[in-house]
Each structure stands twice: as structure tokens, then as C-alpha cells.
Enquirer: 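Here it is, the structure, as C-alpha cells.
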Amino acid sequence: MDWDKLRVFHAVAEAGSFTHAGDTLNLSQSAVSRQISALEEALQVPLFHRHARGLILTEQGESLNRTVREVFAKLAMTEALLTESKEKPAGRLKVTTTVGFGSSWLAPRLQQFLEQYPDVTMQLLLDDTDLDLAMREADVAIRMHTPKQPDLVQRHLMSIEWHVCASPEYLKKHGTPKTAEELDNHRLILFGEHHPPVADINWLAEAGRRAGNPRRAVLDVNSLRAMLAAVKTGLGIAAVPDYMHAETEGLVQILPELKAPKVDVFFVYPEELRNSKRVAVFRDFLLAQLAQRG
């Protein structure tokens, strides 16, 4: 099987169309189509079902794409390790974490890291779903839960706590709750069903109530930044993680004695990158930043 044709096949399989794959590969739609037809002819099997709405992999196509994805992932991993300098960290580092943590805590600190290691470049992938590190969707992840894959190296970074906040205007209009039970009489802003993989993220809905009987939110929103913006307008009360403390200026912290679940944060990467200098210095940088955080 020709490597160039396999590369084109993989791009088409991931994109679901000749046109989108061509955009990715900088090839014309007809050139992509010819490569796929030639590969199907060489293998004597159809790889795609073609229909008006796009392309769907056949059973044989699914099998080939799984293998090709694994091969390209291993090649990318090997290339990264081979290009890394033996003397100093160098090369591209793909980092993924949640949108909230990445935008509020991590991104503002990256200038210091990249100035400290000028031969390292970074791609920051903010996603509230877990990217597959084994398939090289990212090199390292900062996750808000214990990793489920057994072949990943993990290091506990910190525990996040929650602060319950409201605006002075809201409290002036609706009063300040003194107990968790009094939240029944207030307007809550919660994540709802669509949220990052964080356990008990909507804990405020059940604080002071019988389990399984949560309060309804005045607003469900799947973004911490949007949640905080809504709190600042006086819409309601929300629990925000302590790493957003700098962004809560002007708000009032309420119910400080309320016991909230802690969120354990882990630095995670594949076993193959255990000896990578880029990964090691980034991990150590994070630990140093967290030590300053106290």
C-alpha cells in the first residue's frame, strides 16, 4: 500500500468528504478522488459508501482507518522524540485541558514558560471533552479527574476548591443567604447537563437538600466565563473554581463555610513520552507555578 494514498485515505476518512480532505491536504477534489479510487482498485475492496450527503466508511474502510490512525499516531510520536534535542527541550508540545482552566489559569502563564524555553513551541487545545492522548490528539493533558486509560502516566497537580459568589446588586435586591437551605429562595446559575468531565460540578443545586432533589437553575450555561459574566450582571448566584479568583473582583463571596467537593487535577501523558524533555520541563513549570499559588 502506497503511503501517499494512505495519507489521503486517512484525511478523507476523518473529514467525511473529498472536498474537506482536499482543503486539508492542499489538493483538488478530483486529485483526492483519484487517489481513493486507485487505492480501492489496488485493494480490490470498496472503502467508502458514496451518497449525496458525503462519504461513509465501509466495514473494510473502518478496519483500514483504525490501523492507519494508529500507524500515523506512532509515527508522529517517534518524529517528536527524534527531533527533540538531547541537550535541551525543543520542538512542538500539544497541550489540552478544559476551556475554563485553560483560558483563565493556564494561558496567562504560557508567556513565561515559552520565554524560558525558546526552542519549544506550543499548541493549546481547549476542549471540555477528553482528547485521546494514545492517538496523539495531544501530547499532554491537564484533567479534572483521574485518568481512565491504564497506559497513561499521571501526576497529581492540585485540588481546586469552589467559591460561591454573587454581585452586590443581586444581594441588595434578593438578600444574602446565610445557610445552604436558604438557596431555595435564590436564583442559581449552573452548568446543567452540558459540562466538562468534572465530578459534582452542579453540586450547588443539591447543597442543603436531599440527594436526587436538585434545585432548578435560572440559567444553565456550559461556560465558566459566561457564568461569571452573568453573575456580574446580577442575574444570580454561582459556584466558581478558586483559580478564577482574580476574575471575581467586585463580587461578594457568600456561604464560605459551605462544604463543597474538591476537584483533583492531574497532569497526564502517554508512557512513550516519559523521557521527553519538553514534557518534563512543562510539568516542572506547572508545579513551580502552583507552589507560588500556595
Side-chain angles (χ1 to χ4, degrees), residues 72-147 149 151-163 196-198 223-225 228 240-249 262-294:
F72 284 156
K74 293 295 184 183
L75 285 172
M77 178 81 73
T78 303
E79 181 185 15
L81 293 173
L82 289 175
T83 57
E84 188 165 33
S85 167
K86 292 182 179 179
E87 289 77 27
K88 58 184 178 180
R92 193 167 184 78
L93 184 65
K94 291 169 66 175
V95 179
T96 183
T97 189
T98 61
V99 176
F101 185 79
S103 56
S104 294
W105 191 89
L106 183 58
R109 290 165 170 79
L110 293 183
Q111 180 187 2
Q112 183 178 342
F113 173 75
L114 294 172
E115 284 184 349
Q116 190 173 344
Y117 300 101
D119 293 317
V120 175
T121 59
M122 182 175 291
Q123 182 179 6
L124 184 58
L125 304 170
L126 302 185
D127 199 315
D128 285 337
T129 61
D130 287 347
L131 300 187
D132 192 338
L133 300 188
M135 297 308 300
R136 291 288 294 172
E137 290 183 337
D139 297 320
V140 302
I142 301 172
R143 291 188 173 157
M144 311 295 146
H145 60 86
T146 305
Q149 290 176 267
D151 55 342
L152 297 178
V153 181
Q154 58 179 279
R155 169 69 184 267
H156 186 268
L157 286 179
M158 63 175 173
S159 295
I160 294 171
E161 297 185 350
W162 298 92
H163 293 161
V198 177
S223 162
L224 280 169
R225 284 273 174 87
L228 202 54
V240 297
D242 57 1
Y243 62 75
M244 298 185 76
H245 177 73
E247 299 175 58
T248 61
E249 185 177 354
K262 288 187 177 182
V263 178
D264 287 317
V265 181
F266 296 87
F267 183 80
V268 186
Y269 55 94
E271 178 68 34
E272 295 97 315
L273 290 177
R274 183 182 287 276
N275 297 319
S276 168
K277 286 185 171 55
R278 286 165 299 151
V279 172
V281 296
F282 185 57
R283 177 200 61 216
D284 293 345
F285 171 79
L286 294 177
L287 291 171
Q289 290 290 311
L290 293 168
Q292 294 175 18
R293 173 178 179 262

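Below, each value reflects all heavy atoms present in this structure, side chains not excepted, and no hydrogens, waters or symmetry copies.
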Enquirer: List the residues meeting side-chain hydrogen bond (donor to acceptor under 3.5 Å, both in side chains) with Glu247, not counting sequence neighbours, and say none if there are none.
Expert: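 Residues passing side-chain hydrogen bond (donor to acceptor under 3.5 Å, both in side chains) with Glu247: Ser104, Arg225.
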
Enquirer: I need the minimum non-hydrogen distance between Pro108 and Ser103, along with the two atoms involved.
Expert: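 The answer is CD-O, 3.7 Å.
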
Enquirer: Which residues satisfy the side-chain hydrogen bond (donor to acceptor under 3.5 Å, both in side chains) test with His145, sequence neighbours excluded?
Expert: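 For His145 the side-chain hydrogen bond (donor to acceptor under 3.5 Å, both in side chains) partners, ignoring immediate neighbours, are Asp130.
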
Enquirer: Report yes or no: does Asp139 contribute a side-chain atom to a donor-acceptor pair with the main-chain N or O of Lys94 at less than 3.5 Å?
Expert: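 Here the side-chain-to-backbone pair exists.
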
Enquirer: So, taking the atom named CD in Glu249 and the one named CE in Met244, what distance separates them when rounded to the nearest 0.5 Å?
Expert: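 Answer rounded to 0.5 Å: 13.5 Å.
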
Enquirer: Considering residues at least two apart in sequence or located in another chain, which fulfil the salt bridge (Lys or Arg N to Asp or Glu O under 4.0 Å) criterion with Glu271?
Expert: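 Applying salt bridge (Lys or Arg N to Asp or Glu O under 4.0 Å) to Glu271 gives Arg274.
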
Enquirer: Taking the side chain as everything from C-beta on, heavy atoms only, tell me whether Thr121 gets closer than 4.5 Å to Leu114.
Expert: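 Side chain of Thr121 against side chain of Leu114, heavy atoms only: no contact under 4.5 Å found.
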
Enquirer: Can you find a pair of side-chain heavy atoms, one from Val265 and one from Trp105, that are under 4.5 Å apart?
Expert: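 No. Closest side-chain heavy atoms not under 4.5 Å.
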
Enquirer: Kindly state each residue pair satisfying salt bridge (Lys or Arg N to Asp or Glu O under 4.0 Å) with at least one member in residues 114-126, sequence neighbours excluded.
Expert: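 Listed once each, the pairs are Lys88-Asp119.
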
Enquirer: Measure the shortest side-chain to side-chain distance between Arg143 and Gln154 over non-hydrogen atoms and say whether it is less than 4.5 angstrom.
Expert: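 Of all side-chain heavy-atom pairs linking Gln154 with Arg143, none is under 4.5 Å.
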
Enquirer: Go through the structure and list residues passing side chain to side chain contact (heavy atoms under 4.5 Å, CB included) with Asp151, not counting sequence neighbours.
Expert: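 For Asp151 the side chain to side chain contact (heavy atoms under 4.5 Å, CB included) partners, ignoring immediate neighbours, are Ala134, Gln149.
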
Enquirer: Search all heavy atoms of Leu131 against all heavy atoms of Leu125 and return the closest pair with its distance.
Expert: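 Closest pair (atom of Leu131, atom of Leu125, distance): CD1-CD1, 3.8 Å.
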
Enquirer: For Tyr269, which residues count as a ring-ring contact (aromatic ring centres under 6.0 Å, His included) partner, sequence neighbours excluded?
Expert: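 Testing Tyr269 for ring-ring contact (aromatic ring centres under 6.0 Å, His included), a comparison that skips the adjacent residues, returns Phe267.
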
Enquirer: To the closest 0.5 Å, what do you measure between CG (Asp128) and OG (Ser223)?
Expert: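 Reported value, rounded in 0.5 Å steps: 8.5 Å.
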
Enquirer: Less than 4.5 Å apart, any side-chain heavy atom of Leu287 and any of Arg155?
Expert: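 Yes, side chains in contact.
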
Enquirer: Is the shortest side-chain heavy-atom distance between Leu273 and Val153 below 4.5 Å?
Expert: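 With C-beta onward as the side chain, the pair stays apart.
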
Enquirer: I would like to know whether Leu157 and Leu290 meet side-chain contact (heavy atoms from CB on, under 4.5 Å); could you show each step before the answer?
Expert: CA-CA 8 Å; Leu157 286 179; Leu290 293 168; 3.8 Å; yes

Enquirer: Give the minimum heavy-atom separation between Ala138 and Leu133, together with the two atoms involved.
Expert: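 Heavy-atom minimum between the residues: O-CD2, 3.4 Å.
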
Enquirer: Working to the nearest 0.5 Å, report the span between CD of Glu161 and NZ of Lys262.
Expert: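 It is 4.5 Å, given to the nearest 0.5 Å.
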
Enquirer: Measure across Met144 and Thr97 and return the closest heavy-atom pair with its distance rounded to 0.1 Å.
Expert: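 Scanning both residues completely, I find the closest heavy atoms to be CE-OG1, 3.8 Å.
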
Enquirer: With a 4.5 Å heavy-atom cut-off, do Val95 and Gln123 have their side chains touching?
Expert: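 Side-chain contact under 4.5 Å: no.
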
Enquirer: My understanding is that only residues two or more places apart in sequence, or in another chain, count here; which of them pass ring-ring contact (aromatic ring centres under 6.0 Å, His included) with Phe113?
Expert: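 Tyr117, Phe282, Phe285.
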
Enquirer: Taking side chain as C-beta onward, heavy atoms only, is Thr98 less than 4.5 Å from Leu126?
Expert: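 Thr98 vs Leu126: side chains apart.
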
Enquirer: Quick one, Trp162 and Val263 - any side-chain contact, counting heavy atoms below 4.5 Å?
Expert: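 They are in contact (side-chain heavy atoms under 4.5 Å apart), so the answer is yes.
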
Enquirer: For Asp264, what residues pass the side chain to side chain contact (heavy atoms under 4.5 Å, CB included) criterion, not counting sequence neighbours?
Expert: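 Counting only residues at least two positions away or on another chain, Asp264 forms a side chain to side chain contact (heavy atoms under 4.5 Å, CB included) with His156, Ser159, Phe266.
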
Enquirer: Just how far is it from atom CE of Met122 to atom CZ of Arg278, taken to the nearest 0.5 Å?
Expert: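 Interatomic distance, Met122 CE to Arg278 CZ, rounded to 0.5 Å: 10.5 Å.
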
Enquirer: So, for Pro270 and Leu152, which heavy atoms are closest and what is the spacing to 0.1 Å?
Expert: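 Answer, listing the atom of Pro270 first, then Leu152: CA-CD2, 3.8 Å.
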
